[in-house]
*Asks:* 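Starting off with a structure, shown below.
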2 protein chains.
Amino acid sequence: MYINLDFESNEPIYTQLKHQVIAGIARKELAPGEGLPSVRAMAADIGINLHTVNKAYQQLKQEGFILIHRQKGVVVNPDGVPQADESHRARLENTLHPLIAESVCRGISEEEFVKLCSKQFQEFAKEEK
Amino acid sequence: MYINLDFESNEPIYTQLKHQVIAGIARKELAPGEGLPSVRAMAADIGINLHTVNKAYQQLKQEGFILIHRQKGVVVNPDGVPQADESHRARLENTLHPLIAESVCRGISEEEFVKLCSKQFQEFAKEEK
DNA sequence: ATAATTGTTATACTATTAATATAACAGTTA
DNA sequence: TAACTGTTATATTAATAGTATAACAATTAT
């Protein structure tokens, strides 16, 4: 699991870490049940504080992406990530709304927008048939 | 221009204000050249500080959505919002990426995702044909 | 049994951001 | 002259991000 952080970004480090773990799961590089480095090991690897890693891990656990056993360490959720419910869909819509509004203002057509999304979905598609 | 703020949200107030102005432009409720309330009037209207409004206005100006004349006040860009360039598209992709990754993890299909986007594009479509 | 490692918790500190509160300035308009 | 425009400056409060140590309890390896 290679993590690449941008310390100049205004996106918080723990958020970048969260996103890359989630992307790893979506890309199926991280399989259900697979272990992740301990908070200290991960922190040392990428050169940040263990509390920053812990914050990311705690939120990933809270959101169902990983499990944390006191003994076994950190593990990608063996049952898979919980399916989206209505609250997830609502949050997704609320996040998309300003993106689409700006796109409309700037002349990005629905077709182009959709094509852009599809391209990213393909990045996560891996012999799934 | 009705503004609706959620003071409990973790989305900053000035960001909420920005988004609603942009949505108003996308929805064509705010036409090019149309005036917006002065920073003080807007602040009094929605019950926030004038600096918070000013911050939103400055960023909207910086991003090409509005113009601010010392005399004429605040006006929706009469030339229309500048078209998206490559940097806009890159930012859009970067913002969409974690959304799509999480959607993939949670079993939201590309079809559902695209349908969700299309629904929002329709919200902004107004006898444009 | 000892040592090392695990997640977890607590405390403290710095820096940045969000938001508010006054106040003032310079130019425009009524 | 008075009221209003955007703008700037200064100060304060609260919250968040990130780091730095330190310790505890439980497990694992030597």
Side-chain angles (χ1 to χ4, degrees), chain A residues 1 3-22 30 33-78 95 98, chain B residues 1 3-22 30 33-78 95 98:
Chain A
M1 186 69 204
I3 302 296
N4 198 324
L5 297 180
D6 176 8
F7 291 93
E8 310 303 318
S9 169
N10 54 354
E11 184 182 24
I13 296 177
Y14 77 94
T15 304
Q16 295 182 42
L17 178 53
K18 275 183 63 180
H19 286 166
Q20 294 192 31
V21 170
I22 295 173
L30 292 176
E34 187 169 341
L36 263 64
S38 73
V39 288
R40 286 179 178 83
M42 175 66 90
D45 272 8
I46 58 187
I48 63 176
N49 191 272
L50 107 177
H51 291 106
T52 307
V53 177
N54 192 245
K55 187 173 187 174
Y57 277 9
Q58 287 300 324
Q59 293 191 7
L60 286 168
K61 166 187 164 194
Q62 163 76 22
E63 298 168 19
F65 292 96
I66 64 176
L67 297 184
I68 306 180
H69 300 87
R70 190 105 200 186
Q71 324 94 304
K72 309 179 198 169
V74 184
V75 177
V76 176
N77 194 334
T95 312
Chain B
M1 186 68 202
I3 302 295
N4 198 324
L5 298 180
D6 176 8
F7 291 93
E8 310 304 317
S9 169
N10 54 353
E11 185 182 24
I13 296 177
Y14 78 93
T15 304
Q16 295 183 42
L17 178 52
K18 275 183 64 180
H19 286 166
Q20 294 191 30
V21 170
I22 294 173
L30 292 177
E34 188 169 340
L36 263 63
S38 74
V39 287
R40 287 178 177 84
M42 175 67 90
D45 273 8
I46 58 187
I48 63 175
N49 191 273
L50 106 177
H51 290 106
T52 308
V53 176
N54 192 245
K55 187 172 188 174
Y57 277 9
Q58 287 299 325
Q59 293 193 7
L60 286 168
K61 166 188 163 193
Q62 163 76 23
E63 297 168 19
F65 292 97
I66 64 176
L67 297 184
I68 305 179
H69 300 87
R70 190 108 199 184
Q71 325 92 305
K72 311 179 195 169
V74 184
V75 178
V76 176
N77 195 333
T95 312

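The basis for the numbers below is simple: all heavy atoms, side chains too, and nothing from hydrogens, waters or symmetry mates.
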*Asks:* My understanding is that only residues two or more places apart in sequence, or in another chain, count here; which of them pass side-chain hydrogen bond (donor to acceptor under 3.5 Å, both in side chains) with B:E34?
*Replies:*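 B:E34 satisfies side-chain hydrogen bond (donor to acceptor under 3.5 Å, both in side chains) with no other residue.
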*Asks:* CZ of B:R40 versus C1' of C:dC25: gap in Å, rounded?
*Replies:*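 Atom-to-atom, B:R40 to C:dC25, this comes out as 11 Å.
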*Asks:* Hey, are the side chains of B:F65 and B:N77 touching, using non-hydrogen atoms and a 4.5 Å cut-off?
*Replies:*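 A side-chain contact under 4.5 Å is absent here.
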*Asks:* If the condition is side chain to side chain contact (heavy atoms under 4.5 Å, CB included), which residues does A:N10 pass it with, not counting sequence neighbours?
*Replies:*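 Expected list: none.
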*Asks:* Using the C1' atoms of the five pairs at each end, what is the angle between the end axes of the helix from C:dG7-D:dC24 to C:dC25-D:dG6, to 10°?
*Replies:*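 Rounded to the nearest 10 degrees, the bend comes out at 30°.
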*Asks:* Mind jotting down which residue pairs meet the salt bridge (Lys or Arg N to Asp or Glu O under 4.0 Å) criterion with at least one end in residues 56-66 of chain B? Sequence neighbours excluded, please.
*Replies:*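 Residue pairs passing salt bridge (Lys or Arg N to Asp or Glu O under 4.0 Å), neighbours aside: B:K18-B:E63.
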*Asks:* Mind checking the OG1-CD spacing from B:T52 to B:Q16? Nearest 0.5 Å is all I need.
*Replies:*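 One finds 11.5 Å between OG1 of B:T52 and CD of B:Q16.
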*Asks:* Within a strict 4.5 Å, meaning less than it, do heavy atoms of the A:L67 and A:P78 side chains meet?
*Replies:*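 A:L67 reaches A:P78 side chain to side chain.
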*Asks:* Quick one: which protein N/O atoms are closer than 3.5 Å to N/O atoms of nucleotides 28-30 of chain C? Pair and distance per line, please.
*Replies:*
none

*Asks:* Tell me, do A:I13 and A:I46 make a side-chain contact under 4.5 Å, heavy atoms counted?
*Replies:*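 A:I13 vs A:I46: side chains apart.
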*Asks:* With sequence neighbours left out, what residues match B:T95 under side chain to side chain contact (heavy atoms under 4.5 Å, CB included)?
*Replies:*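 Only A:L99 meet the side chain to side chain contact (heavy atoms under 4.5 Å, CB included) criterion with B:T95.
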*Asks:* Identify which one of B:N4, B:T15, B:L30 satisfies the side-chain contact (heavy atoms from CB on, under 4.5 Å) criterion when paired with B:Q20.
*Replies:*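 That would be B:N4.
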*Asks:* Can you pull the side chain to side chain donor-acceptor pair (under 3.5 Å) pairs that have at least one residue in residues 37-50 of chain B, sequence neighbours excluded?
*Replies:*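 Side chain to side chain donor-acceptor pair (under 3.5 Å) check on residues 37-50 of chain B returns B:N49-B:H51.
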*Asks:* Pick out which of A:V21, A:V75, A:I68 makes a side-chain contact (heavy atoms from CB on, under 4.5 Å) with A:L36.
*Replies:*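 Answer after filtering A:V21, A:V75, A:I68: A:V21.
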*Asks:* Do A:M42 and A:L50 come within less than 4.5 Å of each other through their side chains, counting heavy atoms only?
*Replies:*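 Side-chain contact under 4.5 Å: no.
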*Asks:* Strictly under 3.5 Å: I want the nitrogen or oxygen pairs between protein and nucleotides 19-22 of chain C, one per line.
*Replies:*
| from | atom 1 | to | atom 2 | distance (Å) |
| --- | --- | --- | --- | --- |
| C:dA19 | OP1 | B:I13 | N | 2.4 |
| C:dA19 | OP2 | B:I13 | N | 3.3 |
| C:dA19 | OP2 | B:Y14 | N | 3.4 |
| C:dT20 | OP2 | B:N49 | N | 3.1 |
| C:dT20 | OP2 | B:T52 | OG1 | 2.6 |
| C:dT22 | O4 | B:H51 | NE2 | 3.2 |

*Asks:* Within this structure, what is the NE2-CD1 distance for the pair B:H19 and B:I3, rounded to the nearest 0.5 Å?
*Replies:*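 So the gap between those two atoms works out to 12.5 Å.
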*Asks:* Go through the structure and list residues passing side chain to side chain contact (heavy atoms under 4.5 Å, CB included) with A:V39, not counting sequence neighbours.
*Replies:*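 Testing A:V39 for side chain to side chain contact (heavy atoms under 4.5 Å, CB included), a comparison that skips the adjacent residues, returns A:V53, A:N54, A:Y57.
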*Asks:* Would you grab the first and last nucleotide of DNA chain D (5' to 3') that comes under 4.0 Å of any non-hydrogen atom in chain B?
*Replies:*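 Result: D:dT5 to D:dA9.
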*Asks:* Which of residues 57-69 of chain A sit near DNA chain D, with a heavy atom under 4.0 Å from it?
*Replies:*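 Those residues: none at all.
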*Asks:* Does a side-chain heavy-atom distance below 4.5 Å link A:I48 with A:Y14?
*Replies:*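 Not touching, per the 4.5 Å side-chain cut-off.
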